[in-house]
Amino acid sequence: MNIAAALLPLALFIYLLIPTAVLGVAEYFLSKTASPWPGRVLPILSALFSVCIAALLLFQLAADSPFPAVLLPLAALVILNLPTSVFLIIHRCTRRAVLEKKGIEKMNIQDL
C-alpha cells in the first residue's frame, strides 16, 4: 500500500507528461495557422477535461465527509490544469510570433 501511494504521483506525472509533450507539438502547429481558433481547441478541451474530472471526484466523495471531499478535487483540478497552462503558453508565444511576422509583412508592403 505504501509503495502504491509513493508511486502514484510519479505515475500521474508520467501519464500527464507524455501526452502533454505530444499534444504540445500539435498545439504549436495549430497555433501557427492564420486563424487563432485552431490553436485554442486544445487548451479549451484540456480545461473542460480537468473540470469534468474534478466535478466527478467532488460528487463521488461528497457523500463521505464535507471538508476533505473538497481537497482531493481541488488538487486534481490544479494538477490536471497543468497541461492547459502549457498549451496556453505555447499558443500565446506562437501567436505573438505569427502576429509580429504578419505586422512586418504588412509594413514591408506599405513601404513598397
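Just so you know, these numbers use all the heavy atoms, side chains as well, and skip hydrogens, waters and symmetry mates. Along the sequence shown, residues carry numbers from 1.
Contact between His91 and Ser31 at its shortest, heavy atoms only, is ND1-OG, 2.9 Å. Residues Gly24 and Phe87 share a closest heavy-atom pair of N-CE2, 3.7 Å. Of all the heavy atoms in Ala34 and Lys102, the pair that sits closest is O-NZ, 4.3 Å. Of all heavy-atom pairs spanning Pro43 and Leu88, the tightest one is CB-CD2, 3.6 Å. Here the closest non-hydrogen pair linking Ala47 and Ser50 is O-OG, 2.8 Å. Taking every heavy atom of both residues into account, Thr33 and Leu30 meet most closely at OG1-O, 2.9 Å.
Rounding to the nearest 0.5 angstrom, the gap separating the CD1 atom in Ile104 from the CD1 atom in Ile109 is 12.5 Å. Here Leu58 contributes atom CG and Ile53 contributes atom CD1; the two are 13.0 Å apart, rounded to the nearest 0.5 Å. In this structure, CD1 on Ile89 lies 11.0 Å from OG1 on Thr94, to the nearest 0.5 angstrom.
A donor-acceptor pair under 3.5 Å links the side-chain atoms of Thr20 to the main chain of Leu16, judged by distance alone.
At least one side-chain heavy atom of Val25 sits under 4.5 Å from a side-chain heavy atom of Phe29.
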Practice task
May I have the step-by-step check of side-chain contact (heavy atoms from CB on, under 4.5 Å) for Ile90 and Val86, ending in yes or no?
Solution key: CA-CA 6 Å; Ile90 291 171; Val86 169; 3.9 Å; yes
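Tyr28 and Leu23 end up in different hydrophobic clusters when Ile, Leu, Val, Met, Phe, Trp and Tyr side chains are linked at under 4.5 Å. Clustering ILVMFWY residues whenever any of their side-chain heavy atoms sit less than 4.5 angstrom apart, transitively, puts Phe49 in the very cluster that holds Leu57.
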